[in-house]
Protein chains: 2
Amino acid sequence: MVSLRDIAVEAGVSEMTVSNVVHNRGRVGEAKRRKVMELVRNMGYRPNRAARSIRYQRFDAAGLLLSTDLGRSYLPNPLLSGIHDSLAARSMHLVLSRLPDEQLSSPLIVPSLLEELTVDGLLINYTHAIPKPLIEMIQKHSLPAVWINANHRYDCVRPDDFGLAAKATKYLVELGHRRIALADLGVGRDQMEGMHYSRHERVEGYRQTMAELGLSGRIIQPETLRQTSAELLAWAVGQFSGLDRPTATIMQGGYRETHAVLEELKLKVPDDMSMVFFGETQKNWGRHHLTMASVDEAKLGSEAVDMLIGKINGPRDPVPSLVLPIGHIVPGETCRPLS
Amino acid sequence: MVSLRDIAVEAGVSEMTVSNVVHNRGRVGEAKRRKVMELVRNMGYRPNRAARSIRYQRFDAAGLLLSTDLGRSYLPNPLLSGIHDSLAARSMHLVLSRLPDEQLSSPLIVPSLLEELTVDGLLINYTHAIPKPLIEMIQKHSLPAVWINANHRYDCVRPDDFGLAAKATKYLVELGHRRIALADLGVGRDQMEGMHYSRHERVEGYRQTMAELGLSGRIIQPETLRQTSAELLAWAVGQFSGLDRPTATIMQGGYRETHAVLEELKLKVPDDMSMVFFGETQKNWGRHHLTMASVDEAKLGSEAVDMLIGKINGPRDPVPSLVLPIGHIVPGETCRPLS
DNA sequence: ATGAAAGCGCTAACAA
DNA sequence: TTGTTAGCGCTTTCAT
C-alpha cells in the first residue's frame with residue numbers, strides 16, 4: 001500500500017509537503033503541488049485512516065449494535081439510511097455489530113465492539129430485552145452510547161408510539177367511525193408482559209384517546225394462544241360480529257388471522273371495515289395499499305446520531321431521552337368514511 | 001483513554017509485559033500477570049484497534065457497499081446476518097457504506113470507503129445498475145472486492161435464479177399443474193431492459209423448464225404500464241380467464257394488481273389458483289402463508305465473505321464467479337395439488 | 001515555503 | 001522472564 005513516505009521519496013519532497021498538498025493545507029509552491037498531485041493520482045495514494053485515528057485520538061466512526069431474534073437481527077432499511085447518512089455528513093463511518101446467537105444469554109461474552117477501542121460511540125438498537133451485562137459494560141467503559149427504540153429516562157431516542165396510536169384513533173374518528181377496535185390476534189394477553197414497550201404504548205395511546213373522546217374502546221386480543229387455531233378463529237369471529245361490531249380496526253398484529261376472520265364474516269375492506277396498520281411489515285391488504293400509521297425511521301436514526309455526536313464531543317453525562325413526534329398517518333386504500 | 005503505557009507505568013512493568021498478558025502471549029511471571037490483569041480490569045483498558053491496524057498493515061474489517069434506490073438502500077436482514085457472522089468468526093468488523101443520493105449519477109464523487117484506506121476488502125451489493133466509475137476505481141486501487149447479486153464472469157457471488165425458477169416450475173408440475181403462468185403485472189415488458197439480471201434469469205428458468213417438459217409457457221406481463229390501471233386490469237382479467245386459464249401462477253411482481261384480477265374473477269387461492277412467490281417482500285396472501293421460492297441469503301453472504309477473504313489473503317486476481325444453488329421451495333398455503 | 005523531530009498505541013525482534 | 005529498540009502512517013510544532 002502506498003504511503004505518504006512513498007510519494008514523498010518519489011517526488012523528492014518531505015512527507016509534510018505531500019500531506020499538505022493532499023489536504024489543501026499550508027502553503028506549497030505551485031510546481032511541487034502539481035508534481036505531488038500527479039504522483040498521488042498515479043500511484044493511487046489514499047490516506048490511512050488507522051494512522052489518522054491514532055494521531056487524533058478519534059476513530060470518526062460509530063458502532064451500531066443490533067439485537068438478534070431467532071438468529072436474525074432487525075434493522076429497517078430507512079433507519080439504517082438515516083443513521084448512515086447522518087454519520088456520513090460528518091465524515092464518520094458506521095460499524096455494524098450484533099451478538100452471535102449463543103451469546104444472548106451468556107453474560108460473559110461481549111461484542112468485539114466493546115472489547116476493543118474501535119469507535120467513538122455506540123448506537124444500540126435492541127428491539128428485545130436488553131442484556132444487563134451489556135448495560136454495565138457500557139457504563140464501565142464510559143463509552144458514549146445512545147439507545148434507539150428503548151424507553152429509559154436517559155440516553156434514548158424513540159418515536160412517540162403513544163401519540164402515533166392516538167393519531168390513528170383520531171384519524172378513524174374523523175372519518176366518522178365510533179366503534180373502533182384495536183386488534184392483536186398474533187399475541188396472547190398472557191404474553192404481553194415481556195413484549196417491547198412500544199406495543200404497550202400503542203395500546204395505551206388507543207385506550208386513552210378513546211376514553212378522552214367518550215368512546216368505549218375494545219381491544220381484541222385472545223387471553224392466550226394455547227388454544228387451537230380454529231378456537232381462536234371462532235372466538236375472534238364473535239368479537240367482529242354482531243350489531244355493534246367495530247366499523248374500524250387498528251391493527252397491532254395477527255394479520256393472517258384477522259384476514260381469515262373478515263373473510264369468514266364476508267366483511268370487505270374498506271367497504272365494511274376500515275383498517276389502519278402500524279407500518280412495519282407488509283404493504284398491502286389484498287389488492288389495497290395499506291393505510292398506515294408509520295414512523296419516520298430515517299429521522300429516528302439521524303436524531304440518534306445527533307445525540308451521540310453531542311455526547312462524543314461534549315460531556316458524557318446522561319442526557320434526557322427524546323420522544324419524537326415522528327409518526328404520521330399515511331393514507332392508503334384500507335379506510336373510508338363511515339356512511 | 002487507557003493505553004498499554006498507562007497500565008505499564010502503573011504496574012511498574014514494561015509495555016511488552018502488559019501486551020503479553022493481555023493476549024496470553026509469551027511467558028510472564030505469575031505475580032506480574034495477576035497484577036497486570038487486575039489493573040487492566042480496574043482501569044478499563046481495551047486494545048486500540050487503530051494501532052494494531054497500523055502495525056499489522058491490516059484493518060481486519062470489510063466494507064459493505066450498498067446501492068440506493070429512491071434514497072433507500074436495500075439490505076435484507078438475513079444477508080446482513082450472513083455477512084456479519086462470517087466476518088465475526090474471523091474477528092473482522094463490518095463497515096457499512098452507501099452513496100448519498102446525488103452521487104449516483106455523478107461520476108466524480110466516490111464513497112469514502114474508497115477514498116481512504118479503512119478496510120481490507122469490499123463487498124458490493126448493487127441491486128441496480130453499477131456505476132462504471134465505481135468499477136474503475138476499485139480496479140485501480142486493486143482493492144479486493146466481491147460483488148453480491150451481480151452477474152459478471154468474475155468476482156461475483158449470486159444465487160442461481162434460473163434454477164430457482166426451474167424449481168418453482170417443477171414444484172407446480174409435480175402438484176399436477178400443467179397450465180402454469182408466470183405473472184409480472186408490476187413492470188411493463190418495455191421496462192425490462194434495465195432491470196436487474198435476476199428478473200431475466202427467472203423468466204428464462206421458467207420458460208426453459210416449461211419447454212423441456214413439453215408445456216407451453218405463458219408470461220403474463222403488460223406491454224407497457226402507460227395505460228390506465230383499469231385498462232391494465234381488464235387486459236389481465238382476460239389473461240387469467242377462459243377455459244384454458246392457468247391453474248397455477250409463479251409471481252414475479254405486481255401482487256396488488258394480481259390480487260385485484262383474481263378477486264374480479266372470483267378465483268380463490270389456493271383452491272382455484274396455486275401460487276408460488278419469489279420470497280422477498282411480503283409474507284401472506286390474505287389469510288394464507290405464502291408458498292415461496294426463496295434464496296438462503298445468509299448463505300449468500302457467508303459465501304461472499306469466504307471469497308473476499310480468499311482474495312485478501314491470497315492473490316488478488318479475478319476469481320470465477322460463484323452461482324450458488326441456494327434457492328428452495330418453502331411450502332406454504334398458496335398451492336395445492338390439481339384435482 | 002519547506003523540512004526535521006517527536007510521538008500517537010502497538011508489537012516483532014532482539015538483548016539482557 | 002523481562003525490557004529495549006525500532007517502526008508502522010500520520011500530523012503538530014518548531015526550526016530553517
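Order of the sequence lines fixes the chain letters, A, B, ..., with proteins taken first and strands second; residue numbering starts at 1 for each chain.
For B:Ser67 (side chain) and B:Tyr126 (main-chain N/O), no donor-acceptor pair under 3.5 Å exists by modelled atom type. Remark: the backbone N or O of B:Val13 is not paired with any side-chain donor or acceptor of B:Thr17 at under 3.5 angstrom. For B:Arg90 (side chain) and B:Ser86 (main-chain N/O), a donor-acceptor pair under 3.5 Å exists by modelled atom type. In this structure a side-chain-to-backbone donor-acceptor pair under 3.5 Å is missing from A:Asp160 to A:Leu324.
Near-neighbour residues of DNA chain D inside residues 2-17 of chain A, defined by a heavy atom below 4.0 Å, number-ordered: A:Ser3, A:Leu4, A:Arg5, A:Glu15, A:Met16. Residues of residues 34-54 of chain B having a heavy atom closer than 4.0 Å to DNA chain D, listed by number: B:Ile54.
Between A:Asn20 and A:Met1, it is A:Met1 whose nearest contact on DNA chain D lies nearer the 5' terminus.
Considering every non-hydrogen atom in both B:Met92 and B:Arg49, the closest pair reads CA-NH2, 4.2 Å. Taking both residues in full, the closest heavy atoms of A:Val2 and A:Gly44 are given as CG2-O, 4.3 Å, listed atom of the first, atom of the second, then distance.
Taking atom CG on B:Asn24 and atom P on D:dT1, their separation rounds to 14 Å, with Å as the unit. Counting to the nearest Å, the P atom of C:dA16 and the CZ atom of B:Arg27 are 19 Å from each other. When the P atom of D:dT13 is taken as reference, atom CZ of A:Arg25 falls 12 Å away, rounded to whole Å.
Not one side-chain nitrogen or oxygen of A:His23 sits closer than 4.0 Å to the OP1 or OP2 atom of D:dC10. Of the side-chain N and O atoms in B:Gln57, none sit less than 4.0 angstrom from OP1 or OP2 of D:dG7.
Judged by a 6.0 Å distance limit and a 45° cone about the ring axis, A:Arg158 is positioned over the six-membered ring of A:Tyr197.
Going from atom CG of B:Asp155 over to atom CE of B:Met307 covers 6.5 Å, rounded to the nearest 0.5 Å.
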